[in-house]
Amino acid sequence: MERRLTTILAADVAGYSRLMAADETGTLASLNAQRAELWKPKAAKYGGRVVKLMGDGTLMEFPSVVDAVEFAVDVQRAIAERNADVPEELRITFRIGVNIGDVLVDGEDIYGDGVNVAARLEGLAEPGGICVSGTVYEHTHTKLDAKFDDLGEREVKNIAGPLRVYQIALDKAPRTGQRALRQTPPRLEQALGSIAVFPFDVLSPDADDAYLADGISSEIINMLSRVPDLRVASRAAMFSSRNRGEDAWDLVQSLQFRYVLTGNVRRAGDRVRVIAELTAAADRTQLWSNTYERQLADLFAVQEEIAEAIVVAFGGEYLRAEWQRVRQRPTENLDAWGLVQKARSLNLPVNREATDEALQLAHEAIDADPAYAGAHACLASVIMQRVISGFSEQPDEDRAAAIAAVERASELSSDDPLVLRTLGKVWSNCGRHEQAITALRRAVDIAPFDFHSWGRLGRTLCYGGDPEGLREGQAVLDRILTSAPDHPMVPYWYYFKANACSLEGRHEDAARFARKSLDIQPGYTGAWVALANAFGHLGRAGEAREAMDKALQVNPAMTPEHLSEQIAIAAGGDRKHAERSLAGLKAAGLL
C-alpha cells in the first residue's frame, strides 16, 4: 500500500448515545443538517477531504495543517452559534482531534498510527473543544493568532509512549475573517537548517551552455524549497547578487545562512560533468563534494541526487523522508526545461523586447512538452507581466490567455509553490482576489521560507479593498522586510508598503517607503508613481508632477490611467478602491 504524511482530523458527537436514546429521529436530522450546512462547505473552503463517516464520527484529511486547525476552529464556532437557541439537552456538539502522521492509503481510505493518534486526541477534547498533537502545535503556533494550552504528556490506549497534547482556547482563537496573523512569515531562527545555492559556473567553451548551469542551480533551489523547516536562499537573491557583481558570500553572511552549495558544469557533446560542493558558511569548511559524469539526458537525476545529498547531510533520515515525499521532477524533456530556464532569465528586469522573447521561448517549451507545468506557468507569468507593464495591445485577451495557461499548469502540478505563486499573480491581476489569496496561502504553507510568495501574499491582501486584508497584508510585509532585508524583492515590498500606507491615509509614510524603494532601484516605475501619489496627497503638486515625469521616462506605457485600471481589477473591479489608491495623482491634476 502507498504511504504518505498527512494531516488527519477526527471528530465525534459528544453524548451521542444519550441524544439518540432521547430522540433518535431528531438527533439524526440535526446531525445530517450540521454536516450538510456547516461541515461540507467549510471543508471545501479549507481544502479538507471527508475520508469517511462512521455513525456520529467523521474522519478527514487536509493537505495543510494550518487549514486543518483553522477548519476545526471555524466549524466549532459555527456549531456554538447554531446551538445558541437550542436547549442544552438537545445540542449536537463535537469533539475534535488533529494530528500529523504517516498513514497507509487504501483506495479512498487511510489507516495507521497517524489516524489512531487523531482519534485519541479527539477523545481527550472537551465537548465543543479541539485537541492537537505536539507536532501540530509546532507547525501552527507561530502561524495562527490562537492560544494553545499545554495539557502535558498523556498515556493513551494502543499508542506506544506518552502523547504531548495541546488544547486550543477557542475564546482566544482568531475570529473567522479576522486573520491578521493567520499565517506569519517565519523568523530566521525557526529553520532547522538554512542553505544558499550559488549559481553554478559554466566551464564549457560554448557560452550558450550557461542556461544549463543556471538551470541546475534553480531546480535544486526549487526542490529544496519544498522541504519543511529548511530555509533556502531564493533564486532571485543569488542570481541578482551575481548580476550586480557583488560577492555572494557577503549576502550569505548578512542573511545568516549555515550552508552554501557551489558547483560547476561542463558539457562535451552529449555528456555532462557536474561538480557540487557543500560548505559551512561560518568558516568555509568543505563538508561534502561529489562529481557526476553522465549523459546529458540524465541531468535531472543528477539534480535530484545533489538535492537529496544536501538534505541528508544536515537533516538526517527525518528530512530524507520529507524529501522523498515532496520531490517532484518537473519534466523529462531537456529541451523544454532549457527553454523555460532561458525564458525566466529574460523576464527580469522587465522591458518590452525581453518580454516578447521570453513569451516566444515559453511557447516553444510547451510545444516541446505540453505536460510540463513549469512551461505553462512561465507562459502565464510572462503574459501577465506584459499586461501589468502596459506592453499589451489586447489586455483583455492576454488576461484570458494568462488564466488559461496558469490553470493548465495547476492541473498538471497543483502543489508546486512556483505554480501556486503564479496562480496568485495572475488571478490577483484578473480580479479573482479570493482565489489568488487561497493559492498564495497554499504556496507559503508548502514552502514557508519562500519570501517571494510571502511578498505577493502581502501585496494581494493589501490591494483587495478589504480593511482586514489590508491589516494582514501590512503585517506580512512588515515581517518579511525584517526577516529578509537583503532579498532582491525588497524594493517591490517597499512599493507595496507605500501603496498600503496611502490607502490608510498615512501619506508621509507612503512617501518614505517609496523613497526606500527608489534608493535601491532608482528605475522602478511603480515606486515613482507611489511617490507622486503621496506628494499629491500632501499638497506638493510640483514634486508630484516631477515624480510622475520620472515614471513615464522609465516606462511611457505606465500612465496614471493604466495604473488606475490595474488597481481596480486587482481589487475585484472596485473602482472606489482604485480612486482611493491614486487620489493623490488626481489632487495633483495627474489623473
Side-chain angles (χ1 to χ4, degrees), residues 47 63-64 66-67 143 183 185-186 218-219 221-228 230-240 326 328 330 340-341 343-345 347-348 350 358 362 372-388 399 402-430 432-464 472-473 476-477 479-480 483-484 487-490 492-493 495-496 570:
S64 160
V66 172
D67 283 341
K143 298 177 182 177
Q183 287 165 293
S218 299
E219 288 301 337
I221 289 170
N222 291 340
M223 291 173 183
L224 294 175
S225 294
R226 300 190 65 178
V227 178
L230 175 59
R231 182 168 67 98
V232 185
S234 72
R235 175 188 186 278
M238 302 314 301
F239 281 68
S240 296
V326 302
Q328 187 176 60
V340 167
Q341 302 311 316
R344 286 177 179 164
S345 69
N347 206 25
L348 283 174
V350 176
Y372 180 13
H376 292 277
C378 181
L379 175 64
S381 182
V382 175
I383 293 173
M384 200 69 253
Q385 192 60 55
R386 186 164 67 168
V387 174
I388 294 167
R399 286 191 187 95
I403 289 172
V406 79
E407 289 184 344
R408 178 58 180 149
S410 183
E411 290 170 5
L412 293 166
S413 185
S414 61
D415 278 345
D416 184 330
L418 179 60
V419 170
L420 288 163
R421 187 201 306 159
T422 308
L423 275 169
K425 174 181 179 177
V426 171
W427 279 340
S428 67
N429 285 285
C430 292
R432 299 187 181 186
H433 180 73
E434 290 303 322
Q435 289 171 282
I437 294 296
T438 298
L440 291 166
R441 289 197 191 283
R442 179 69 180 135
V444 298
D445 268 349
I446 294 171
F449 287 94
D450 177 9
F451 291 112
H452 192 161
S453 290
W454 279 111
R456 185 154 292 281
L457 174 61
R459 175 258 188 210
T460 306
L461 287 164
C462 287
Y463 287 11
E472 182 182 359
V476 167
L477 293 171
R479 181 67 170 268
I480 60 175
S483 294
H487 197 284
M489 294 299 291
V490 163
Y492 300 91
W493 300 341
Y495 165 60
F496 302 157

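One-based numbering along the sequence shown.
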Asker: Atom CD1 of I480 and atom CH2 of W493: how far apart are they, to the nearest 0.5 Å?
Answerer: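 Result: 4.0 Å between the selected atoms.
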Asker: Ion pair present between R432 and E407, side-chain N to carboxylate O less than 4.0 angstrom?
Answerer: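 So R432 pairs with E407 through a salt bridge.
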Asker: For V406, is there any backbone N or O sitting under 3.5 Å from a side-chain donor or acceptor partner on S410?
Answerer: no
Asker: Taking NZ, NE, NH1 and NH2 as the nitrogens, is one of them in D67 or R441 under 4.0 Å from a carboxylate oxygen of the other?
Answerer: no
Asker: Minimum heavy-atom separation for A362 and C378, please, with both atom names.
Answerer: CB-SG, 4.2 Å
Asker: Hey, does the side chain of T460 reach the backbone of R456 with a donor-acceptor pair shorter than 3.5 angstrom?
Answerer: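 A pair under 3.5 Å: yes.
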Asker: A405 and L379: which non-hydrogen atoms are nearest, and at how many Å?
Answerer: CB-CD2, 4.1 Å
Asker: Considering all heavy atoms of both residues, which atom of A358 and which atom of V382 are nearest to each other, and what is their separation?
Answerer: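 It is CB-CG2, 4.0 Å.
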Asker: side-chain contact (heavy atoms from CB on, under 4.5 Å) between I437 and L457: does it pass, once the steps are laid out?
Answerer: CA-CA 7 Å; I437 294 296; L457 174 61; 4.1 Å; yes
Asker: Contact between E411 and H376 at the side-chain level, heavy atoms closer than 4.5 Å - yes or no?
Answerer: no
Asker: Check A373 against L412 and note the closest heavy-atom contact, atom names and distance.
Answerer: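 Where A373 meets L412 most closely, the heavy atoms are CB-CB, 3.8 Å.
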Asker: Below 4.5 Å, heavy atoms only, C-beta onward: do D450 and R421 meet side chain to side chain?
Answerer: yes
Asker: Can you name the closest pair of heavy atoms from A439 and G424 and give their distance?
Answerer: CB-N, 4.1 Å
Asker: I388 versus N429: any side-chain heavy-atom pair under 4.5 Å?
Answerer: yes
Asker: Begin from the C-alpha positions of R399 and V387 and carry the test side-chain contact (heavy atoms from CB on, under 4.5 Å) through to its verdict.
Answerer: CA-CA 7 Å; R399 286 191 187 95; V387 174; 3.7 Å; yes
Asker: Could you walk me through whether R442 and S414 satisfy the side chain to side chain donor-acceptor pair (under 3.5 Å) test, starting with their C-alpha distance in whole Å, then the side-chain angles of each, then the deciding distance to 0.1 Å, before giving a yes or no?
Answerer: CA-CA 10 Å; R442 179 69 180 135; S414 61; over 6 Å; no
Asker: Can a side-chain donor-acceptor contact be found between S428 and R459 if the only test is distance below 3.5 angstrom?
Answerer: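 Yes, because at least one side-chain N or O of R459 sits under 3.5 Å from a partner of the opposite role on S428.
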Asker: What closest approach, in Å, do S453 and A443 show between heavy atoms, and which atom pair accounts for it?
Answerer: OG-CB, 4.0 Å
